[in-house]
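Here is the structure we will look at.
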Amino acid sequence: MDLYREGGKRFLDVLMSSIALLVLLPVSIAVALIVKIAGGKGPVFFTQVRIGRDRQPFKLYKFRSMVQDASSLGSGVTSSRDKRITGIGRILRKTKLDELPQLLNVLLGDMSIVGPRPEIETFIDKYPDDYTVILQVKPGLTDYATLKYRNEEEILSQYEDAEEAYVRLILPDKISLGKKYIEDMGFILDMKIIIKSVVEVIRV
């Protein structure tokens, strides 16, 4: 377990992200072209500062799925009925194709393939003690919470105030699942989560 945490996990991250970036390069190019053509005015990529291991900030990369300057036009939380989402953006978010650029975050060492999803500082500051534990590890592309809240945006669409519902109802559960992942972390578990995550994407 310790050997995996100290070096094996990073080796797996570099190996898998490198392979995935190469294999999915044609898909990424196609998505970038579609965003440029059909995504309305704005850049192909969306970047946002998230908080990583040991509270170190980093730039998280995504394909843009919302209108330009969406961060300044509304909440930091998105529901499925959010009007800031572009037409093509809804497809990208549903299929998780918008998150492909985060493989670069993994390769760069900002993130891991498996780990608690990275949050913005505003939300972390609401649960500082809990995040002292969670930020002992790198944030990831997928984990227990990612699988459980596969349809998070649809869940949040049921509430008038999506951000308040996220902070009060969903985030505490994500924190609990993040802590559980840290306790359970290991090679076999990571492979199981990766396989389940890929299956969920394929099933869309």
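With 3.5 Å as the limit, one finds a donor-acceptor pair spanning the side chains of Thr146 and Asp143.
Side-chain contact between Leu147 and Ser197: present, with at least one pair of heavy atoms (C-beta onward) separated by less than 4.5 Å.
Ser65 pairs in a side-chain hydrogen bond (donor to acceptor under 3.5 Å, both in side chains) with only one of the listed residues (Glu99, Lys94, Arg84, Arg93), which is Arg93. Here the options are Ile170, Leu169, Thr78, the test is side chain to side chain contact (heavy atoms under 4.5 Å, CB included), and the partner is Leu156; only Ile170 passes.
With salt bridges taken as basic N to acidic carboxylate O contacts below 4.0 Å, none links Glu183 and Lys180. Between Glu152 and Lys174, at least one side-chain nitrogen of the basic residue sits less than 4.0 Å from a carboxylate oxygen of the acidic one, meeting the salt-bridge criterion.
At a threshold of 4.5 Å between side-chain heavy atoms, the hydrophobic network of Ile, Leu, Val, Met, Phe, Trp and Tyr places Ile155 and Ile85 in two separate groups.
Pairing each heavy atom of Ile51 with each of Arg55, the nearest pair is CG2-CA, 3.5 Å.
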message: I'd like to know whether Lys148 forms a salt bridge (Lys or Arg N to Asp or Glu O under 4.0 Å) with Asp173, so could you lay out the CA-CA distance, the side-chain angles of the two residues, the decisive distance to 0.1 Å, and finally the verdict.
response: CA-CA 10 Å; Lys148 181 174 181 179; Asp173 191 33; 2.7 Å; yes
query: So Arg10 and Asp190, salt bridge (Lys or Arg N to Asp or Glu O under 4.0 Å) or not? Walk me through it.
result: CA-CA 12 Å; Arg10 178 58 185 157; Asp190 279 7; over 6 Å; no
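When the shell of 6.0 Å around CD of Glu121 is examined, it contains 12 or fewer heavy atoms from other residues, nucleotides or ligands.
Annotation: Phe46 is not in aromatic contact with Phe63 [ring centroid separation under 6.0 Å not met].
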